[in-house]
A.B. asks: 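Questions regarding the structure given below will be posed in turn.
All values below were derived from every heavy atom in this structure, side-chain atoms included, with hydrogens, water molecules and symmetry-related copies excluded. One-based numbering, in listed order, for ligands and for the atoms of each.
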Amino acid sequence: MSQLSTINIGICGLGTVGQGVWKHLESARASLESKLGVKLHLHRASVRDLKKKRAVRVPATRLTTDPLAVATDPAVHIVCELIGGTTLAREVTLAALRLGKTVVSANKALLCAHGPEIFAAARAHGGHFFFEASVAGGIPIIKALREGLVANRFGLIYGILNGTCNYILTRMEREGLGYPAILADAKRLGYAEADESLDVEGWDTAHKASILAYLAHGAWVPTRAMLVEGIAAITQADLHFAREHGYAIKLLAVITRDFANGELFVRVHPTLLPLTKVLANVNDVQNGISVNGDVVGETVYIGRGAGQDATSSAVISDIVDAVLLLRRGNAPLPVPVRQHCPLAPLERVRGRYYLRLDVKDEPGVLAKIATATAHARVSIASMVQRPSARRGAATLILTTHESNEKAIRATVARLTRLACVLEKPLLLRIGDFAG
Ligand code: NAP
Ligand code: HSE
């Protein structure tokens, strides 16, 4: 605890999020200061390019190109790491924590890759690490899992965790556009990562899923141990089929835990979600998370998942928590003690599936496809044929009865080997979630 009358904040990275934090902290300063009983001072900030035009006015004397100078400045009490990536951001974070400082970060990739090291450094040196903005933008899901739902065990958590992908899928369906044009808009609006492949290939969602799985189960699941698929292969044919049959396609993170055997499974994939589910109707840049606790039942959280303002809201809430910690010693509940959870084998991950195949339009093809699925012991529930853009070809869309990941992968492998199948089939999961 300290008797400081002013808390100095250092911001490493004044891009989309950093400028939003600067802007909203300035405009909310009087109200926050009166609530907290302390002055908040934006002491210093770092950028890569001093000449770049920014939407916030920061005096030149308070800007540097050296984020480590901000992180290690003895006058700075709270360091906001808003640079991104896992190299420089890790150095900055660890340097500040090793000096016993409090770090606020929006960096899910960093936490997923180096979470144990970061929390260990914070513990060892009396520092603290806050990360509300790392998952689901403005939704306070970290606080909900860490504090509000502390009485619960979580058999199922699933959610839309990437604003860029939800924005793309929503506009593809609404406007019939292809995803590259919409991705350009997502970048312009500040939703996408500096490396947008992290968004569209599912890795950003996987980083966030890893953080939620850790908070819910104490286990760090690396992305290499997850099933991770992105949205790049989704076409208008998939979106039309889904809508006609009562589904929306959403990129979901799904975290399941079987408490009978302890097994955990974390996966990220586009999912046909029944329109009766709340999350199927969460659109544009919004994120949505369904958390099923054994005591509370299902709780659902919806809000803007990316962009300057939503993310700044979460960062500023962490800054306020950091001030309360520094001034009054109000620490949040500690993060979970790290545990080992066995990961579920593929055959125990069950569900119904959707397959889209481009095939030669000739006699006997349907029989070959039915035989290939039967060999893998997957039972077809429905099959529809649509015209294909390819000459002499047809598009087939199959749904299956309940099967499992091992069997459906074997099916896809068999189908891909058939001469009448013109390219690797698209496999999507159908989200029959109980919660
Ligand atoms: P951004 O717009 O690319 O901003 C990054 C900032 O870091 C820029 O100010 C950049 O300087 C600075 N920077 C980058 N490399 C640097 C280097 N080598 N040395 C010094 N400064 C460097 O990124 P952002 O969208 O604000 O995202 C920041 C973090 O928040 C990331 O971890 C991201 O995943 C996370 N996040 C973003 C959102 C969102 O909606 N954008 C939401 C939640 C979380 P210049 O400005 O001079 O280039
Ligand atoms: N690129 C991320 C998204 C930013 O679109 O969700 C928020 O974490």
A.B. asks: List the steps, then state whether side chain to side chain donor-acceptor pair (under 3.5 Å) holds for Thr6 with Asn8.
C.D. replies: CA-CA 6 Å; Thr6 300; Asn8 288 326; 5.9 Å; no

A.B. asks: Should the pair Arg153 and Phe259 be classed as cation-pi, given the thresholds of under 6.0 Å to the six-membered ring centre and 45° from the axis?
C.D. replies: yes

A.B. asks: Applying a heavy-atom distance cut-off of 4.0 Å, which protein residues contact ligand 1?
C.D. replies: Gly13, Leu14, Gly15, Thr16, Val17, Val47, Arg48, Asp49, Lys52, Arg54, Leu82, Ile83, Gly84, Leu88, Ala106, Asn107, Lys108, Ala133, Gly190, Glu193, Ala306, Gly307, Thr311

A.B. asks: Evaluate whether atom NZ of Lys187 has more than 12 neighbouring non-hydrogen atoms of other residues, nucleotides or ligands under 6.0 angstrom away.
C.D. replies: yes

A.B. asks: With a 4.0 angstrom cut-off on heavy atoms, strictly below it, pick out the residues next to ligand 2 and order them by chain and number.
C.D. replies: Lys108, Leu161, Asn162, Gly163, Thr164, Tyr191, Ala192, Glu193, Asp199, Asp204, Lys208, Gly305, Ala306

A.B. asks: Are any non-hydrogen side-chain atoms of Glu405 and Arg429 less than 4.5 angstrom apart?
C.D. replies: yes

A.B. asks: State whether a side-chain donor-acceptor pair under 3.5 Å links Asp309 with Ser312.
C.D. replies: no

A.B. asks: Evaluate the side-chain proximity of Pro332 to Phe130: yes if any heavy-atom separation is below 4.5 Å, no if none is.
C.D. replies: yes

A.B. asks: Testing the 3.5 Å rule here: is there a donor-acceptor pair between the side chains of Thr256 and Asp258?
C.D. replies: no

A.B. asks: Sequence neighbours left out, what passes side chain to side chain contact (heavy atoms under 4.5 Å, CB included) with Glu175? Give chain and number order.
C.D. replies: Arg171, Leu177

A.B. asks: Name all pairs fulfilling the ring-ring contact (aromatic ring centres under 6.0 Å, His included) condition that reach into residues 172-196, sequence neighbours left out, sorted by first residue then second.
C.D. replies: Tyr167-Tyr191

